[in-house]
Novice: 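Can you read through this structure? Questions will come right after.
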There are 2 protein chains.
Amino acid sequence: MSYCYEYPHPAVTTDVVAFTVIRDDLQVLLIRRARPPYRGAWALPGGFINPDETLEECVRRELEEETGIDDVFMEQLHTFSAPDRDPRERVITTAYYALVPPNRQEIRGASDAAEARWFALEGLPPLAFDHAHIVRTARARLVEKLEDPATAFRLVLDVFTLSDLQRVHEAILGVAIDKRNFRKKILGQGLIEETGAKRQCGAHRPAMLHRVIE
Amino acid sequence: MSYCYEYPHPAVTTDVVAFTVIRDDLQVLLIRRARPPYRGAWALPGGFINPDETLEECVRRELEEETGIDDVFMEQLHTFSAPDRDPRERVITTAYYALVPPNRQEIRGASDAAEARWFALEGLPPLAFDHAHIVRTARARLVEKLEDPATAFRLVLDVFTLSDLQRVHEAILGVAIDKRNFRKKILGQGLIEETGAKRQCGAHRPAMLHRVIE
DNA sequence: TCAAAAGTGTTGGCTGTACACCCATGG
DNA sequence: CCATGGGTGTACAGCCAACACTTTTGA
């Protein structure tokens, strides 16, 4: 009890809603809490801020500590401040969302996380704190952010097929998209180019590989 | 020094970028600080959170205390957390933006504000802390939010002319808009209706008054 | 009768959507 | 030769931008 202030100060944490697309599903990264409160419950990765770091530094550190994921795209989502959202003390949390491409999906549970797992968005377990609310907010934001073509590129590998990209859009929006219209739109943006190589997987025609220009 | 914690806790504040349109200009509400740090400098209205209030309650309270404005539309903008953004101690601030219609523009400086004034966005004085950065962020958000027709409605009276509404759009975007295209688009949304009354002001044809439907 | 803001339609380009078939490959 | 996903074009509708003159009023 050695940090004293003239006025009450809330605790400040960060939490992150890390999204990825696996097969045809939008998935979210959860950890099982190793400590009370909500010990054993599933929750978003996150934790308390240190005095010398920004919120973004904090959330990247916590994500790396608890799940091993680092160096992914992240953006601030919203700050949640209901006075009773944490049973221990007054805790204000700034939530971020992260976009994790397929080659960064490898996770390990560590630090305050007994376990870490990807969950399809439909069919999440009950979540600790107000984390279900945070996940809903993040999902809505992701749908909006999909209008920026850069968003979907962050959820595929550096080299990808147009079908890969379409799967990302479909998983996020939860609807089927017409293939010809999708390709016309994407190619019309002039943001990607063919690599020249093709990818063969399965008993069918190989797909042209593309990359983002520059 | 009576509030003690096991780990260091940052101070948490809110700040608000209150926008209004006066004549043809987008304006921002600033206060002159009555206390150090930055005593005498212009800054955004805002202040420290109380233990039992949410961030939104805090920002509404501070805006009312310092400028007398209450009951306006507000939305969370971003949380700013550079460790050295306040010279006193570690302060994390959650910024909101507010939309103030013409009948709520009356202000008085009170509490921690020696003075309160509307400033045109082009031509702000030097601002305390990182508030210039916050204002830039808010302005960019407001431009995005203008795509939602509800945004402009919040910056005019309940009963307004199409020219009023167009002035709001032009002030925010900083460009001239074609009158016929603007009216066609707005009326095509089916969100407003004529009140039947007209407004006469100046030596020219009176304008039809409109209101938002429902 | 002049100044000042209100009000009013048409056209062309672009964008988004609906829709069906052939191609390349492995098994 | 069959199953599987890859790849392709056209036609219609809705949206946006450009563009100029008449109306109503007070001075």
Side-chain angles (χ1 to χ4, degrees), chain A residues 21-25 102 143-152 156-157 159-211, chain B residues 21-25 102 143-144 146-149 151-152 156-157 159-211:
Chain A
V21 175
I22 300 180
R23 268 183 258 283
D24 294 339
D25 290 320
V143 169
E144 288 170 17
K145 282 285 169 177
L146 198 57
E147 282 171 31
D148 178 352
T151 300
V156 294
L157 296 175
V159 160
F160 54 89
T161 69
L162 291 176
S163 298
D164 291 339
L165 204 59
Q166 183 170 345
R167 247 189 303 280
V168 166
H169 278 82
E170 289 176 332
I172 294 173
L173 298 175
V175 298
I177 300 172
D178 179 84
K179 205 200 316 187
R180 282 170 294 189
N181 292 337
F182 180 78
R183 294 162 103 87
K184 194 180 342 149
K185 179 171 147 186
I186 298 295
L187 295 173
Q189 290 167 171
L191 296 173
I192 64 174
E193 61 188 1
E194 296 182 355
T195 65
K198 298 186 181 194
R199 181 205 294 163
Q200 177 76 47
C201 63
H204 53 83
R205 180 171 175 176
M208 299 289 299
L209 287 168
H210 292 76
R211 70 168 81 88
Chain B
V21 174
I22 300 180
R23 267 183 257 283
D24 293 339
D25 289 320
V143 169
E144 288 170 16
L146 198 56
E147 283 171 31
D148 179 351
T151 300
V156 294
L157 297 175
V159 160
F160 55 89
T161 69
L162 291 176
S163 298
D164 291 340
L165 203 60
Q166 183 171 344
R167 249 189 301 281
V168 166
H169 278 82
E170 289 176 331
I172 294 173
L173 298 175
V175 298
I177 300 172
D178 179 85
K179 205 199 318 185
R180 281 170 292 189
N181 291 337
F182 180 78
R183 295 162 102 87
K184 195 179 341 149
K185 179 170 144 186
I186 298 295
L187 295 173
Q189 289 166 172
L191 296 174
I192 65 175
E193 62 188 1
E194 296 182 356
T195 64
K198 298 187 181 194
R199 182 204 296 162
Q200 177 77 45
C201 65
H204 52 82
R205 179 170 176 178
M208 299 289 300
L209 287 169
H210 292 76
R211 72 168 79 89

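Letters A, B, ... mirror the listed sequences (proteins, then strands); counts begin at 1.
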Novice: Would A:Thr161 and A:Asp164 count as having a side-chain donor-acceptor pair, cut-off 3.5 Å?
Specialist: yes

Novice: For the residue pair A:Ile22 and A:Asp25, establish whether any side-chain heavy-atom pair is separated by less than 4.5 Å.
Specialist: no

Novice: Respond yes when some side-chain nitrogen or oxygen of A:Arg180 is under 4.0 Å from OP1 or OP2 of C:dA18, and no when none is.
Specialist: no

Novice: From the set C:dA6, D:dT8, C:dC19, return the single nucleotide nearest to any side-chain atom of A:Arg183.
Specialist: D:dT8

Novice: Is it the case that the base of C:dT17 and the side chain of A:Lys184 share a donor-acceptor contact (distance under 3.5 Å, atom types as modelled)?
Specialist: yes

Novice: In whole angstroms, how far is the P atom of D:dG7 from the CG atom of A:Asp164?
Specialist: 10 Å

Novice: Closest heavy-atom contact between B:Val159 and B:Arg199?
Specialist: O-NH2, 4.0 Å

Novice: What's the closest nucleotide to the side chain of B:Asn181 if the choices are C:dG7, D:dA18, C:dT17?
Specialist: D:dA18

Novice: Looking at the side chain of A:Pro206, which of D:dG6, D:dT23, C:dT25 is the nearest nucleotide?
Specialist: C:dT25

Novice: Heavy atoms under 4.0 Å, any strand shown: does A:Lys185 hit a base, just sugar-phosphate, or nothing?
Specialist: nothing

Novice: Whole-Å distance between C:dT17 C1' and A:Lys179 NZ?
Specialist: 17 Å

Novice: Take atom CG of A:Asp178 and atom P of D:dA11, then tell me their distance rounded to the nearest Å.
Specialist: 16 Å

Novice: How many Å lie between CZ on B:Phe182 and P on C:dA6, as a whole number?
Specialist: 12 Å

Novice: Heavy-atom count around B:Gln189 CD within 6.0 Å, excluding the residue itself: above 12?
Specialist: yes

Novice: What verdict does the side-chain contact (heavy atoms from CB on, under 4.5 Å) test give for B:Ile186 and B:Arg183, after you've listed the backbone C-alpha separation in whole Å, the side-chain angles of each residue and the deciding distance to 0.1 Å?
Specialist: CA-CA 5 Å; B:Ile186 298 295; B:Arg183 295 162 102 87; 5.9 Å; no

Novice: Starting at atom CD of B:Gln189, determine the distance to atom C1' of D:dC15, rounded to an integer number of angstrom.
Specialist: 12 Å

Novice: Which nucleotide, D:dT4, D:dT23, D:dA27, lies nearest any side-chain atom of A:His204?
Specialist: D:dT4

Novice: Please tell me if B:Ser163 has a side-chain N or O lying less than 4.0 Å from either OP1 or OP2 of C:dA5.
Specialist: no

Novice: Can you tell me the distance, in whole Å, between the CD atom of B:Gln200 and the P atom of C:dA4?
Specialist: 16 Å

Novice: For the pair made of CZ in A:Arg199 and P in D:dG7, what is the distance, rounded to whole Å?
Specialist: 10 Å

Novice: As a test of reading the structure: which of D:dG26, C:dG26, D:dG7 is closest to the side chain of A:Arg205, going by heavy atoms?
Specialist: D:dG7

Novice: Please report, rounded to the nearest Å, how far the C1' atom of C:dG16 is from the CG atom of A:Leu187.
Specialist: 15 Å

